[in-house]
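Structure, as structure tokens:
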Amino acid sequence: MTRPRVGFLGVGWIGRHRMEAIARSGVAEVAAVADASADALSAARASAPGATAADSLDALLEAGLDGVVLATPSALHAEQAIAALERGVAVFCQKPLARTAEETRRVVDAARAADRLLGVDLSYRHVAGVDRVRELALGGELGDVFAVDLVFHNAYGPDKAWFYDPALSGGGCVMDLGIHLVDLALWTLGFPRVERVTSRLFAKGTPLAPGRRDVVEDYAAARLDLEGGASVQLACSWNLAAGCDAVIGAAFYGTRGGAALRNLNGSFYDFTVERFHGTRRETLSAPPDDWGGRAAVAWARRLAAGERYDAEIERIVDVAGALDAVYGRDATEELPPRSTLHAQAAGHPGRTVSVER
């Protein structure tokens, strides 16, 4: 089987990590890399010395690629993904795929029209043991799941200015962190319809008025009421005094038992997954577990197998719609035009590479 040629747009630490994971797997060739940062580009080429360097997305797409991995600022994802898909190139994109449900739908529509594989780096689905929790929930072994508790507190915050610009990021800690857990909850439960969402957003301890668009939140509390009666509680934050680097968890409670993912000792990387039987715990997985690049490798394997558009990706529109509701956005609300934001994020106009993620 011929290995697909894959290019990488944005090779900051996340993009380079995904590149290295795919390279180690051997399922695809790291054919080309691009980044506006000379340091990031140099580090990527040191890891993949056979890759050619490109100075723009257009140049990448001229390199005879089968797929491209996007790890650029959020405001650029939709435009860049659509450009690649329309050229017949499969796409794997850092989360969020786009800033709103409407933007997300346009990317999915482009993938469907091009009949090309589209993936999103929702990596927590790939932590060891999480697939077993999903089996327990969907198979009825937990009974009727009626409550889900989600938490992601990061004692630090992003180190790049664009994260704090609502037009560039689409939102704050919910868009950065909460998206992982909202997706994980809906995926685990088989994507029941979200019937109602209530939320409170804060910036530096001050509640944000509903609909405020000039600042991003650094703390959020939300409740999602699901079809069938389950209630999902979400709390996430940046720069919270949590007593450790991070508090991360997703717990599912049913009429016959429960199950949960939680981080250990404040780690961003070490997780345990457990099943609850009353007061007894059963360990389903524990560290070490090198899970961070699994979503990217899974996409590359599917690409190597010749897979094309998969309608399952349409579920990402549901996740984006839930986040829109947390932010109080209308389903058709538009953020500033991508062409304007491209110049802001990348420093110059045109379909060039952006600053690293």
Side-chain angles (χ1 to χ4, degrees), residues 122-156 173-174 177-200 219-238 240-292 294-295 315 319 322 326:
L122 294 163
S123 51
Y124 288 80
R125 293 187 186 187
H126 295 266
V127 174
V130 167
D131 55 347
R132 179 59 181 146
V133 174
R134 186 171 189 255
E135 290 174 1
L136 293 171
L138 295 179
E141 294 182 65
L142 301 182
D144 294 327
V145 176
F146 59 88
V148 181
D149 289 342
L150 309 174
V151 60
F152 200 145
H153 296 310
N154 182 340
Y156 312 100
C173 61
V174 173
L177 308 175
I179 185 173
H180 277 299
L181 299 185
V182 171
D183 170 76
L184 188 63
L186 296 178
W187 176 75
T188 298
L189 299 179
F191 281 96
R193 184 167 59 88
V194 178
E195 295 186 333
R196 182 170 180 266
V197 176
T198 56
S199 63
R200 292 290 304 278
Y219 184 91
R223 190 182 86 183
L224 288 69
D225 296 330
L226 307 182
E227 181 181 23
S231 177
V232 177
Q233 304 281 347
L234 168 69
C236 64
S237 67
W238 292 331
L240 191 75
C244 57
D245 288 344
V247 179
I248 308 170
F252 299 82
Y253 300 104
T255 54
R256 294 174 53 195
L261 160 83
R262 62 183 176 86
N263 69 322
L264 296 177
N265 302 316
S267 174
F268 287 101
Y269 309 107
D270 293 337
F271 290 89
T272 185
V273 179
E274 298 173 313
R275 182 177 181 179
F276 305 145
H277 306 268
T279 59
R280 184 170 62 85
R281 296 169 180 252
E282 172 191 354
T283 299
L284 302 179
S285 71
D289 177 31
D290 187 14
W291 55 274
R294 282 191 188 133
R315 294 298 195 180
V319 176
V326 170

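Keep in mind that what you see is a predicted model, and the values were worked out from it rather than measured.
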Handout entry: Ion pair check, Glu282 and Arg280, cut-off under 4.0 Å
Key = no
Practice task
Specify the closest pair of heavy atoms between Gly266 and Asp245, including all atoms of both residues, with the distance to one decimal.
Solution key: O-CB, 3.3 Å
Exercise for the section: Could you grab the distance from atom CG of Leu224 to atom CD of Glu195, nearest 0.5 Å is fine? Expected result: 11.0 Å
Exercise for the section: Classify the angle between the aromatic ring planes of Tyr219 and His153 as parallel (below 30°), tilted (30 to 60°) or perpendicular (above 60°). Expected result: parallel
Handout entry: Smallest separation among heavy atoms of Ala259 and Leu142, with atom names
Key = CB-CD1, 4.4 Å
Practice task
State whether the side chain of Asn154 and the backbone N or O of Leu177 hold a donor-acceptor pair below 3.5 Å, judged by distance alone.
Solution key: no
Handout entry: Any Leu184 side-chain heavy atom under 4.5 Å of Leu261 side chain
Key = yes
Handout entry: CA sep, side-chain torsions, deciding dist, call: Val182, Val326, side chain to side chain contact (heavy atoms under 4.5 Å, CB included)
Key = CA-CA 11 Å; Val182 171; Val326 170; 5.9 Å; no
Handout entry: Shortest non-hydrogen separation from Ser267 to Ile248 and the atoms involved
Key = O-CD1, 4.2 Å
Practice task
Drop me the distance from Phe191's CZ to Leu226's CG, to the nearest 0.5 angstrom.
Solution key: 11.0 Å
Problem - Interatomic distance, Asp131 atom CG to Leu136 atom CG [nearest 0.5 angstrom] - result: 10.0 Å
Problem - Arg315 charged N/C atom sitting above Trp187 aromatic ring, 6.0 Å / 45° - result: no
Handout entry: Shortest non-hydrogen contact from Phe268 toward Phe271
Key = O-CE1, 3.6 Å
Practice task
Run the salt-bridge test on Asp149 and Arg262 with the 4.0 Å N-O cut-off and return the result as yes or no.
Solution key: no
Handout entry: Asp144, CG: over 12 other non-hydrogen atoms inside 6.0 angstrom
Key = no
Exercise for the section: In sequence, state the C-alpha distance, the side-chain angles, and the governing distance for Val174 and Cys236, and then conclude on side chain to side chain contact (heavy atoms under 4.5 Å, CB included). Expected result: CA-CA 7 Å; Val174 173; Cys236 64; 3.8 Å; yes
Exercise for the section: Might you point out which heavy atoms bring Ala128 and Ser285 nearest each other, and give the distance in Å? Expected result: O-OG, 2.5 Å
Fill in the blank from the handout: Smallest heavy-atom separation, Gln233 atom then Arg223 atom, equals NE2-CD, 3.3 Å
Practice task
Using modelled atom types only, decide if a donor and an acceptor are shared between the side chain of Arg125 and the backbone of Val130 within a distance under 3.5 Å.
Solution key: no
Exercise for the section: Enter the distance from Leu264:CG to Cys244:SG here, rounded to the nearest 0.5 Å. Expected result: 11.0 Å
Handout entry: Arg200 atom CZ, over 12 foreign heavy atoms within 6.0 Å
Key = no
Handout entry: Check: Leu189 and Val148 side chains under 4.5 Å, non-hydrogen atoms
Key = yes
Problem - Trp291 and Tyr124 aromatic ring geometry - parallel, tilted or perpendicular at 30°/60° bounds - result: tilted
Fill in the blank from the handout: Output for pair (Thr188 OG1, Arg134 CZ), nearest 0.5 Å, gives 7.0 Å
